[in-house]
Protein chains: 4
Amino acid sequence: MVRVAILGATGYSAKEAIRLLLAHPHAQITALTTRQDDLPHLGDVHPSLRGRLDLRLENLNAAQLAERADCAFCCLPHAASAEVIKEILPLGMRAVDLSADYRLNDPAVYKKWYDHDHPDAARMAKTVYGLPELYRERIPKSQLVANPGCYPTSTILPLAPLLKAGLISPDGIIVDSKSGVSGAGRTPKLNFHYPEANESFSAYGVGTHRHMPEIDQVLSDFGGKTTEVIFTPHLVPMDRGILTTTYSTPTKPVDAATILAELRKFYANEPFVRVVDGLPTTKDVTNTNYCDLTARVVRGRVVTISVIDNLIKGAAGAAVQNFNLMYGFEETTAL
Amino acid sequence: MVRVAILGATGYSAKEAIRLLLAHPHAQITALTTRQDDLPHLGDVHPSLRGRLDLRLENLNAAQLAERADCAFCCLPHAASAEVIKEILPLGMRAVDLSADYRLNDPAVYKKWYDHDHPDAARMAKTVYGLPELYRERIPKSQLVANPGCYPTSTILPLAPLLKAGLISPDGIIVDSKSGVSGAGRTPKLNFHYPEANESFSAYGVGTHRHMPEIDQVLSDFGGKTTEVIFTPHLVPMDRGILTTTYSTPTKPVDAATILAELRKFYANEPFVRVVDGLPTTKDVTNTNYCDLTARVVRGRVVTISVIDNLIKGAAGAAVQNFNLMYGFEETTAL
Amino acid sequence: MVRVAILGATGYSAKEAIRLLLAHPHAQITALTTRQDDLPHLGDVHPSLRGRLDLRLENLNAAQLAERADCAFCCLPHAASAEVIKEILPLGMRAVDLSADYRLNDPAVYKKWYDHDHPDAARMAKTVYGLPELYRERIPKSQLVANPGCYPTSTILPLAPLLKAGLISPDGIIVDSKSGVSGAGRTPKLNFHYPEANESFSAYGVGTHRHMPEIDQVLSDFGGKTTEVIFTPHLVPMDRGILTTTYSTPTKPVDAATILAELRKFYANEPFVRVVDGLPTTKDVTNTNYCDLTARVVRGRVVTISVIDNLIKGAAGAAVQNFNLMYGFEETTAL
Amino acid sequence: MVRVAILGATGYSAKEAIRLLLAHPHAQITALTTRQDDLPHLGDVHPSLRGRLDLRLENLNAAQLAERADCAFCCLPHAASAEVIKEILPLGMRAVDLSADYRLNDPAVYKKWYDHDHPDAARMAKTVYGLPELYRERIPKSQLVANPGCYPTSTILPLAPLLKAGLISPDGIIVDSKSGVSGAGRTPKLNFHYPEANESFSAYGVGTHRHMPEIDQVLSDFGGKTTEVIFTPHLVPMDRGILTTTYSTPTKPVDAATILAELRKFYANEPFVRVVDGLPTTKDVTNTNYCDLTARVVRGRVVTISVIDNLIKGAAGAAVQNFNLMYGFEETTAL
């Protein structure tokens, strides 16, 4: 039984991680932490979990954590996450980091996009990007895994195999993503106030979203050629789900069947990627760890459409998948 | 042309009032006030009104207001509203107060439910309750009109005629109301954060909502017998609209046809009340000043169902209706 | 391993039952039936289940069913359900009936509310009403269990203990229920067309809903006194969830603490009923088999508020709970 | 006073047209037609219009129509619309056609995309495309105006000025559009059944939507160079609103300020186009005839974002705008 601590237990990703781990036969949640002063019982923070786990939130330091838990699911904001992780790893803990802190390899890129120096820059380049479909073999050995961002997961899964196979050009790829509101977190703000967000659809962070360099880095690394995407996220009036539409130029004329065949070959043995013929909807994957994806060719352009649940495959589900790989459990356990 | 100032222009009721008044042939909005420090342009506060009215929000005192406007639409919170109104009325301004401050007659009841002394208690009892369907004749003479609450409007319109006619007993009336989220105002709070409120339905303020004594007072006054309702408001995952279901005991056995006939008779000449045979939905009245209502008899109990748009007939629309009556314009102007 | 057939596999309750049973360690789904002519693969009917179960829908007769399965989850419409069940039970199969066919005891009451003779009237009175919280001891012995309706479950759980304890009067109980749209089934109709149902709230079936006699029967039977409720269902613009507000008269003056204590005592050992102090929201129980409930006293009336997921505790989850009890599995398995 | 007939009065565009025309000082609705057999009163088809207009729907032939009305708002499906229009124009009526029948110029293109011969092919090329912002001067002279499609309006308004000015290349323009569900019409279908469409986001008609050739034709005509867009429509879980994101390649390096300046210059005197600095949301234009739009440059690509209400600027509002121009009324009347 692996003892797990959930760091930053008040948000949506943490709630989903707790819910999934409560059904995990080899994990036991032994600590829930928060940086806030009030230390409510779990059932008061997340009423859906009332009666499921009798724990209060706590303010814990690294030493206390290391006594109480073997592995941390780190759901803290960026910077705060690295501050904790650089303390607990030397104490022997392992960690899945759901923040953005260890996804990028390059401290300079991090500083440019996150506006501050990385608190643990030395560890950035050697941390595995925890997308098992691309980097599975590196995960079991890792003390720390950087859990991918939600938009990047939905973008990289359809594009990476096509870039790797040389079917599409790395130049000028358009990534038009649409996310449910839970992706914005649980802190109330006017933009996400119900009567503002409901019955409304909008773009945000056009050309400035922090997931853009993350997508670039992984596609460049896996595809083997420098890739810079034009990324536009949008806000959908629904709780959860991301659909990403990409537009890319094939390296030579291609039809949809060829693209689909490549995707099917690449994902033939993946438990959580379903390459489908029809057009997937976000509801097809709600509350699951699946990514459903398909492709079309329109007027010579390759169009891919992929869907995930942003809180599961885009966050807590991927974290449990990484946890399973790190500890040698069946990859699909509790998913 | 009546010069109108909107006091507290940042909220939803204010936005609707501005939108309605922009189409009013005899009103001109000359001032928009806020108590906040930043003084944005109207189009930045309410983007839907971009280009419709070239005004910035201002911090204005009573004297300045009285120079710039003839009439105030007061969209301030309770207490703040009375503080302003007691200053501007002596300067000759008239006002429609959309807050709760002048709806109740009794300062003691006000203090009990609002937890503070009324800033202008002497004016409470003499201020007309601006529900034209019950008190139309008192409105034209008034310098100040208390615009009714949204739940009370949806509750009083079906019940008042039946109590007045002696068809139902004033004892033990159940009022089960359901409101869209805009009724909670525009300040972000966790309960109204999109991923919390969406796909969820809840009760709140059970037996403690401040609209309960308002309903009691008006039904008691108009019906002529002391009435105390059991009132439960609920939150519906939608922007706007209130549906109120009431359950009351007839004074003698009655059928639905009799109830409907009484309601039809009472509202025969009302421009904004539609007594219908079918079951109305909130969408039937969205963006209108209508109240649609009907009645059934179930196992000897009288059941009424009524719908309004909480921001129009429940707030800004009723305010414009009162404004029209105060100034002698056609009652339906701009509605 | 119990072999399970899902009869009428195209609807929402069937989908949830399949999803739950796929995670059940002692159940194996061996047949999916439909009465329609096209016989699609499960993944085409319910895209969220793509790749989870490799079965096509079939038109099966009773004899074929009995060879292929030990137990049927019957998700057919009323009448159609009894037609099948009266054939498969003599062949040795057991069944959980999610239709309304065996909930009522009295063929005359059934005919009055369902407008046709019951196809299997003799079996009505002897079939257990599968609400384990009230009738658990009768379920393990049963070949057939009538799974309760969604509104009745949300209504009976808060009221039955109070009636049984004599704390509230059986006369004049008001039941004001609100349900998400999935409760209306999966057949497209104008009322449930997205642009009609969205951003709208309405009452329907006022005094005429078929769940009213079901509530009466169970409360009368369990409470020991004839009970006739005034029942009004409403449609909420959300996918799933029911919140029921009841209003009843205490037999003698009572406070909320007394009511809550009685409910806590009654449900002390129940795995799926959570008596809570705060006001529950439907989202607290979404995708779970919980019923969360609480009570207040307002102006001398007892007000209860209860929430369930209409497709889980109100349908497929309760069916799995009954299945577990019938076969002697841990009651909470797969829930 | 112009007498107006609404042909095909049961759908959403017709409802909005009726609502707008009821407030029009120079229009009088004199007939509402349907091709269905039941001939309900308007208030039964569109409950929100109860008491607003005392007319029943009728089955009318062309001769009767021409006696009763001067102008038709044709809200019929494609093909059906042209069948009626080719009969009523020779009788002297004028028409705004909200169907797709007269938007395309080329009968061969029409046949390819609509799968049948055009019933009135000779009139196609000479009918004006009723987008006043591009073709205002041709509208007053017209007996027939082809009202633009909703997606095309939201796409053409941001792109046409940039193509005309030579700022962007006509090659490889990506058009990623997102629409509320009312765009799919009022006929119930499984895809638009509330529990299917709600909390879900999907793409549809990828590369096959009939608005694609319409966009091509208008951009090619107005821009002066053959333009073929890659068009992907998506379905958003909301009632109304379209947001279109376009991606195009500038003809030479450009910044956002230059693009915005060109758009501001082009639309300087347009009453219904608001070029904005911030990112517009669909809610900013709900229930209005505005198109709000802006532009960014991301990694050398020009990105435009535009929003309209699909039923107003995308249908009925544009129709009233065209009606006003046809008859010489102030263009903004009733809008």
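Chain letters run A, B, ... following the sequence lines, proteins first and then strands; every chain starts at 1.
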Given a strict heavy-atom distance threshold of 4.5 Å, which part of V206(C) is in contact with chain B: side chain, backbone, both, or neither?
both
To the nearest 0.5 Å, how far apart are CG in L279(C) and CG in L243(C)?
9.0 Å
Sequence neighbours excluded, every pair satisfying ring pair (Phe, Tyr, Trp, His ring centres under 6.0 Å) that has a member inside residues 159-190 of chain C:
none
Nearest 0.5 Å, what's the CG-CG distance between L335(B) and L20(B)?
6.0 Å
Using 0.5 Å steps for rounding, measure from the CD1 atom of I308(B) to the CG atom of L293(B).
11.0 Å
I need the residue from G300(C), P237(C), G180(C), G207(C) with the largest number of non-hydrogen atom pairs under 4.5 Å to chain B.
P237(C)
Show me, pair by pair, the donor and acceptor atoms from chain C and chain B that are under 3.5 Å apart.
from, atom 1, to, atom 2, distance (Å)
D176(C), OD1, K178(B), NZ, 3.1
D176(C), OD2, K178(B), NZ, 3.3
D176(C), OD2, Y247(B), OH, 2.6
K178(C), NZ, D176(B), OD1, 3.2
K178(C), NZ, D176(B), OD2, 3.2
K178(C), NZ, H234(B), NE2, 3.3
P195(C), O, K283(B), NZ, 2.5
N198(C), O, K283(B), NZ, 2.7
E199(C), OE1, D239(B), N, 2.9
E199(C), OE2, D239(B), N, 3.1
S200(C), OG, T281(B), OG1, 3.2
S200(C), OG, K283(B), N, 3.3
F201(C), N, T282(B), OG1, 3.0
F201(C), O, T282(B), N, 3.1
D216(C), OD1, R299(B), NH1, 3.3
D216(C), OD2, R299(B), NH1, 2.8
D216(C), OD2, R299(B), NH2, 2.7
V229(C), O, R299(B), NH1, 2.7
T232(C), OG1, Y247(B), OH, 2.9
H234(C), NE2, K178(B), NZ, 3.3
H234(C), NE2, T245(B), OG1, 2.9
D239(C), N, E199(B), OE1, 2.9
D239(C), N, E199(B), OE2, 3.1
T245(C), OG1, H234(B), NE2, 2.9
Y247(C), OH, D176(B), OD2, 2.7
Y247(C), OH, T232(B), OG1, 2.9
T281(C), OG1, S200(B), OG, 3.2
T282(C), N, F201(B), O, 3.1
T282(C), OG1, F201(B), N, 3.0
K283(C), N, S200(B), OG, 3.3
K283(C), NZ, P195(B), O, 2.4
K283(C), NZ, N198(B), O, 2.7
R299(C), NH1, D216(B), OD1, 3.3
R299(C), NH1, D216(B), OD2, 2.8
R299(C), NH1, V229(B), O, 2.8
R299(C), NH2, D216(B), OD2, 2.7

A160(B) meets the side chain to side chain contact (heavy atoms under 4.5 Å, CB included) criterion, sequence neighbours left out, with L134(B), I156(B), L219(B), F222(B)
Working to the nearest 0.5 angstrom, can you tell me the gap between L159(B) CG and I168(B) CD1?
5.0 Å
Among V298(B), V307(B), I242(B), V297(B), single out the residue with the greatest number of heavy-atom pairs under 4.5 Å to chain C.
V298(B)
Derivation and outcome, side chain to side chain contact (heavy atoms under 4.5 Å, CB included), residues F192(B) and L235(B)
CA-CA 10 Å; F192(B) 315 122; L235(B) 197 67; 3.8 Å; yes
